[in-house]
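What follows is a short report on a single structure.
Numbered from 1 within each chain, the chains take letters A, B, ... in sequence-line order.
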2 protein chains.
Amino acid sequence: MSTETQDSAPRRRGRRPAGEDTRRALLEAARRSFAEHGFAGATVRAMAAEAGVDAAMVNHWFGGKEGLFAAAMELPVDPKQISEMLLTGPIEEMGERIVRTFLGVWDGGGGGAFVALMRSASSNENAARMLREFISTMVFGPIAKRVGPDHPDLRASLCGTQIAGLGMVRYVIKLEPLASADHDALAATVGPNLQRYLTGDLGL
Amino acid sequence: MSTETQDSAPRRRGRRPAGEDTRRALLEAARRSFAEHGFAGATVRAMAAEAGVDAAMVNHWFGGKEGLFAAAMELPVDPKQISEMLLTGPIEEMGERIVRTFLGVWDGGGGGAFVALMRSASSNENAARMLREFISTMVFGPIAKRVGPDHPDLRASLCGTQIAGLGMVRYVIKLEPLASADHDALAATVGPNLQRYLTGDLGL
DNA sequence: CGCGTTATTCAACACTTGCGGAAATAATGG
DNA sequence: CCATTATTTCCGCAAGTGTTGAATAACGCG
């Protein structure tokens, strides 16, 4: 769409001049396309075209559509890094910090990564399992273990509902005014609710 | 793949004997298949086969794949009915009541519909818009108008995050122990958070 | 400069998709 | 009991899918 550098002459064969990063272009187009159309809906040809490259490059670089999907779905930051970032600082501010951390990560990539994740989770049972394991072991597990004296796993699940719902409404459904709200407002509003899930009385 | 019970004799041609409801069978199969594979992933042939019917019936009855999708996606309950149910009773118990209402609808066979809805919303911008309008005008709009003195729309969006996230974690990601928690426990835990979004201090 | 290696495109494959037309059959009404 | 109509199946088409193999061009090393 953007770089229309095609001369009308069909592109010459063989290796292209150096400097162009086919792999990266392919990955970008794949993230966008998978997020919009899902795994089955996105076509290799369209993604390759968007990257300005032949479809065969998908096979060459990623070994097929699935490989490209796996590569495109890798999380934008290191999970361990997130977990550490969340665990630093005073416990009573953890709710707000979690909100800010996730918003920072997701807004950085335009939310596309989140959409793709949710989408693949609801289509692919395998992806759902991966997401489930990732969430429980990498993110909320350690957190809940540190803060929840009574029902740590339930607390983690509850936090999951608030975070997933936040992403859902902000990036997928795009319900206003939340979709356009700034990080401060969201930290102030959903932070306390998260905090209750973490350290508050659950009423059980 | 699963049911290989086809008698080897090819099905007889022409109109089937009365009593069989092709349309309904097609709809059921479509709901299941769309929920599992999404719009692009589900194939007309597979759905027709699951319904024990020829694929041409999709064209005949619904005018194509999209028509079948639209017909299959209609909500399992009347939206107005939900909204009314939510609005009855004292305001200070509204959080719990909302949780119980949605859990009742979804657990009562609607879990699949929720998954399908989320899935189509994250794949199809059109579906996302429908869901957005449905939520804001039919469900949370009236509610927020009744309870929120200061930021009614933001309150509605926030409620949306908690409800969508609850469905997400319970039916899509299936994070335990929340996925198997009973309605009482969830009403006690997420009810108060919803209540804060409705009538509490948002900290703005 | 020559030459193997790597990156890239093209053409074609085998396959599946949604869809429309024609034939076949059952229900219906006179 | 026959003519009509609605419903269903079969068949095949055109388009689009992911993938493969061969051809070609640029690169990097000697």
Side-chain angles (χ1 to χ4, degrees), chain A residues 3 5-30 33-34 36-73 120 123-124, chain B residues 1 6-30 33-34 36-73 120 123-124 126:
Chain A
T3 58
T5 25
Q6 352 276 33
D7 15 357
S8 54
R11 196 198 309 274
R12 292 196 10 254
R13 286 250 208 129
R15 185 172 188 150
R16 294 158 81 190
E20 322 208 11
D21 197 341
T22 306
R23 223 188 99 100
R24 192 171 312 272
L26 223 31
L27 269 181
E28 275 179 37
S33 203
F34 279 133
E36 186 173 347
H37 303 111
F39 182 77
T43 72
V44 170
R45 284 173 147 88
M47 293 184 285
E50 184 178 328
V53 164
D54 191 272
M57 301 317 295
V58 170
N59 262 22
H60 191 346
W61 285 108
F62 304 96
K65 191 189 188 185
E66 294 188 5
L68 176 59
F69 180 73
M73 278 312 114
S120 55
S123 57
N124 193 320
Chain B
M1 315 290 191
Q6 326 302 2
D7 14 348
S8 50
R11 193 197 308 275
R12 291 195 17 251
R13 290 253 218 135
R15 188 175 183 148
R16 297 158 81 191
E20 321 205 13
D21 196 340
T22 305
R23 224 188 100 100
R24 192 172 312 271
L26 223 30
L27 269 181
E28 275 180 38
S33 201
F34 278 134
E36 186 174 345
H37 304 110
F39 181 77
T43 72
V44 171
R45 284 172 147 85
M47 291 186 284
E50 184 177 329
V53 163
D54 191 272
M57 302 318 296
V58 171
N59 264 10
H60 187 37
W61 284 107
F62 303 97
K65 191 187 188 185
E66 295 186 4
L68 177 59
F69 179 74
M73 276 313 114
S120 54
S123 57
N124 192 315
N126 209 351

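A straight line from NE2 of B:His60 to C1' of C:dA23 spans 15 Å, rounded to a whole angstrom. Note: CZ (B:Arg23) to P (D:dT8) measures 12 Å, nearest angstrom. The nearest whole Å value for the distance from the CG atom in B:Leu68 to the P atom in C:dG18 is 10 Å. One can place CZ of B:Phe69 at 16 Å from C1' of C:dG18, the figure rounded to the nearest angstrom. What separates CZ of A:Arg24 from P of C:dT8 is a distance of 13 Å, to the nearest Å. Atom-to-atom, CD of A:Glu66 to P of D:dT19 comes out at 8 Å; the value is rounded to the nearest Å. Counting to the nearest Å, the C1' atom of C:dG18 and the CZ atom of B:Phe34 are 12 Å from each other. What separates CG of A:Leu26 from P of D:dT19 is a distance of 12 Å, to the nearest Å.
Comparing C:dT9, D:dT19, C:dA7 against the side chain of A:Asp54 picks out C:dT9 as the nearest. Side-chain proximity of B:Thr22 to the nucleotides C:dT17, D:dT8, D:dT9 is greatest for D:dT8. Side-chain atoms of B:Thr43 lie closest to C:dG18 of the nucleotides D:dG18, C:dG18, D:dC10. Closest to the side chain of A:Val44, from the set D:dT8, D:dC10, D:dG18, is D:dG18.
The two residues A:Leu68 and A:Phe62 have their closest heavy-atom pair at N-CB, 3.5 Å. Scanning all heavy atoms of the two residues, the minimum distance from A:Met47 to A:Leu26 falls at O-CD1, 4.2 Å. Contact record, A:Ala72 with A:Ala30: CB-CB, 4.0 Å, taken as the closest heavy-atom pair. Scanning both residues, A:Phe34 and A:Phe69, for their nearest heavy atoms gives CE1-CA, 3.5 Å.
At a threshold of 4.0 angstrom between heavy atoms, the contacts of A:Ala42 are confined to the sugar-phosphate backbone, with no base atom among them.
For B:Arg45 against C:dG18, a side-chain-to-base donor-acceptor contact under 3.5 Å is present.
Put simply, the side chain of B:Lys65 gets close to the backbone of B:Ala42: a donor and an acceptor are under 3.5 Å apart.
At least one side-chain nitrogen or oxygen of A:Trp61 sits closer than 4.0 Å to the OP1 or OP2 atom of C:dT8. Considering only side-chain N and O atoms, B:Asn59 lies nowhere under 4.0 angstrom from the phosphate OP1 or OP2 of C:dG18.
The nearest heavy atom of DNA chain C to B:Ala55 and to A:Ala55 marks one nucleotide each, and the one closer to the 5' end goes with A:Ala55.
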